Amino acid sequence: MSQPFGFYQNEIYFEGLGGVVPRFPFTYEGLESRAEAALGPSLWSYVAGGAGDELTQRANASAFERWGLYPRIFVGAARRDLSVELFGMTLPSPLFMAPIGVIGLCAQDGHGDLATAGAAARTGVPMVASTLTVDPLEEVAAEFGSTPGFFQLYTPTDRELAESLVRRAEKAGFKAIVVTLDTWVTGWRPRDLSTANFPQLRGHCLANYTSDPVFRAALDRTPEEDPRAAAIRWAQVFGNPLTWDDLPWLRSLTELPLIVKGICHPEDVRRAKDGGVDGIYCSNHGGRQANGGLPALDALPGVVEAADGLPVLFDSGVRTGTDVVKAVALGATAVGVGRPYAYGLAIGGTDGVVHVLRSLLAEADLLMAVDGYPTLADLTPESLRRVL
Ligand SMILES: Cc1cc2nc3c(=O)[nH]c(=O)nc-3n(C[C@H](O)[C@H](O)[C@H](O)COP(=O)(O)O)c2cc1C
Ligand SMILES: O=C(O)C(=O)c1ccccc1
């Protein structure tokens, strides 16, 4: 590791005055208010909103407040190592960027997927690119530099199309396939309903479909000639209500590491594991799908236990570096952040995303320094105590 993540603090104190300090906020609330202004009402309601009255979305974040980290003294954690092994890769930290559909729209120029991939290249923090990128997946992958990227698959009903998307992702150099299982239909989202968001967003969801030979072959006229017919076809093929019977087929699609996203129940972990997946992604989609459910963090220990050594990726409610540390202590191998980096993108493009990621990592690193946990392996459930 070249420089500890906490060094971001020094840069800001000693060099960044006039640079980062006036440009970007250092709290989640600060990010939210700046992003709301930058995005405007429609995009804001899409990104910030969740299902129902957003009880689960709020609970995801507040679940972290119920755990406190014990400080350990006389440890001298002058050097920290946050690196982690995942699917044979060594990542500089457990942090990654969760997939966010049409995140491209959050950037001023509408190419935010490329800007986010650029932030992955600059920080070493992997991006999970959504099936719903605004620019084709090949163009996104071209911006990753030496940072590995993962491809998130929304499995279409057309199996041949699913296969084609996976082949393209492999060819473009993605290092893992993340299949999202909790969103074959979108949840009841009052904010999106009140801004009638989806009809507008739909037109921006199509890039990976209209650039796909299998998708194009199923159309009578090209998407350029008849964009409406392409959008209709997209709506028809988008959501596949998969069942366990489809897992062998999903597994057969690729030799890349296969991760299933949206798992919270230990029994589902066992079944996924039996089906030969390489990783479990514990998430409730940031409270955007089902409302009234368990905060994802409360599901994590049961998932980790059932995973029994298989890597567990986690997201939903991560807002600070201390949240990252707590999720690792509860057994997550890698920790995803969602909305915060979208807000960074809205505020400052690639620089804004880099700022959000570096801030999360600096806070995590400095917490480990102060509390005496030099490596991730030192963080265990015994490092935490329930406080409420
Ligand atoms: C605007 C938005 C779009 C999303 N789109 C996708 C998507 O395309 N695919 C997917 O698997 N998850 C998607 N998610 C869910 C995220 O991957 C992640 O589970 C969630 O954002 C984590 O919660 P957090 O935002 O509270 O950190 C989306 C989330 C947001 C906020
Ligand atoms: O909004 C989401 O969370 C999401 O995953 C999605 C699904 C379909 C279209 C756009 C975004």
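As the structure is a prediction and not an experimental result, all values here were calculated from the model.
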Would you kindly check if the NZ (Lys) or CZ (Arg) of Arg385 is within the cone defined by 45 degrees around the ring axis of Trp67 and under 6.0 Å from the six-membered ring centre?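 Not satisfied by the 6.0 Å and 45° rule.
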Counting distance only, does the side-chain N/O of [X] pair as donor-acceptor with the main-chain N or O of [Y] below 3.5 Å?
X: Thr131; Y: Tyr154; value: yes
X: Gln57; Y: Ala48; value: yes
X: Arg167; Y: Leu253; value: yes
X: Asp365; Y: Gly6; value: yes
X: Arg339; Y: Gly286; value: yes
X: Asp246; Y: Thr243; value: yes
X: Arg216; Y: Thr210; value: yes

Is [X] isolated, or which residues cluster with it under the ILVMFWY side-chain rule of less than 4.5 Å, directly or via members?
X: Phe74; value: Ile73
X: Val370; value: none
X: Leu55; value: none
X: Leu366; value: none

Could you work out, with side-chain contact (heavy atoms from CB on, under 4.5 Å) as the rule, every residue matching Pro136, not counting sequence neighbours?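 Residues passing side-chain contact (heavy atoms from CB on, under 4.5 Å) with Pro136: Glu138, Glu139, Arg168, Ala207, Asn208, Ser211.
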Decide whether [X] and [Y] meet the rule of one side-chain donor and one side-chain acceptor closer than 3.5 Å.
X: Glu170; Y: Thr254; result: yes
X: Asn240; Y: Thr155; result: no
X: Asn197; Y: Thr195; result: yes
X: Thr375; Y: Asp81; result: no

Could you tell me which residues satisfy ring-ring contact (aromatic ring centres under 6.0 Å, His included) with [X], sequence neighbours excluded, listed by chain and number?
X: Tyr341; result: none
X: Phe24; result: His355
X: Trp44; result: Tyr343

How long is the span from the [atom1] atom in [X] to the [atom2] atom in [Y], to the nearest 0.5 Å?
X: Thr90; Y: Glu85; atom1: OG1; atom2: CD; answer: 3.5 Å
X: Ser164; Y: Lys171; atom1: OG; atom2: NZ; answer: 10.0 Å
X: Leu345; Y: Ile100; atom1: CG; atom2: CD1; answer: 9.0 Å
X: Leu95; Y: Phe5; atom1: CG; atom2: CZ; answer: 8.5 Å

Close side-chain approach of [X] to [Y], heavy-atom, < 4.5 Å:
X: Glu382; Y: Tyr70; result: no
X: Leu69; Y: Thr322; result: no
X: Val337; Y: Leu357; result: yes
X: Leu181; Y: Lys261; result: no
X: Leu330; Y: Leu384; result: yes
X: Thr350; Y: Val353; result: no
X: Phe151; Y: Leu137; result: yes
X: Val47; Y: Cys106; result: yes

Going by side-chain hydrogen bond (donor to acceptor under 3.5 Å, both in side chains), name the residues that satisfy it together with [X], two or more places apart in sequence or in a different chain.
X: Glu267; value: Arg270
X: Asn284; value: Asn60, Ser316
X: Thr27; value: none
X: Arg358; value: Glu11

Could you please spell out the steps behind the salt bridge (Lys or Arg N to Asp or Glu O under 4.0 Å) verdict for Asp298 and Arg66? CA-CA 10 Å; Asp298 289 357; Arg66 295 200 304 274; 2.6 Å; yes
Evaluate the criterion side-chain contact (heavy atoms from CB on, under 4.5 Å) for residue pair Gln236 and Thr157; output intermediate values, then yes/no. CA-CA 8 Å; Gln236 286 166 351; Thr157 50; over 6 Å; no
Could you check Val128 against Met97 for side-chain contact (heavy atoms from CB on, under 4.5 Å), going step by step and ending with a plain yes or no? CA-CA 6 Å; Val128 185; Met97 290 184 270; over 6 Å; no
[X] bridged to [Y] by N-O distance under 4.0 Å:
X: Lys326; Y: Glu65; result: no
X: Arg122; Y: Asp351; result: yes
X: Arg159; Y: Glu163; result: no
X: Arg191; Y: Glu54; result: yes
X: Asp278; Y: Arg251; result: yes
X: Asp378; Y: Arg80; result: no

Taking the ring centre of each residue, are Phe150 and Tyr281 less than 6.0 Å apart? no
Take Tyr209 and Leu132 through the test side-chain contact (heavy atoms from CB on, under 4.5 Å) and record every step on the way to the result. CA-CA 9 Å; Tyr209 301 82; Leu132 308 174; 3.8 Å; yes
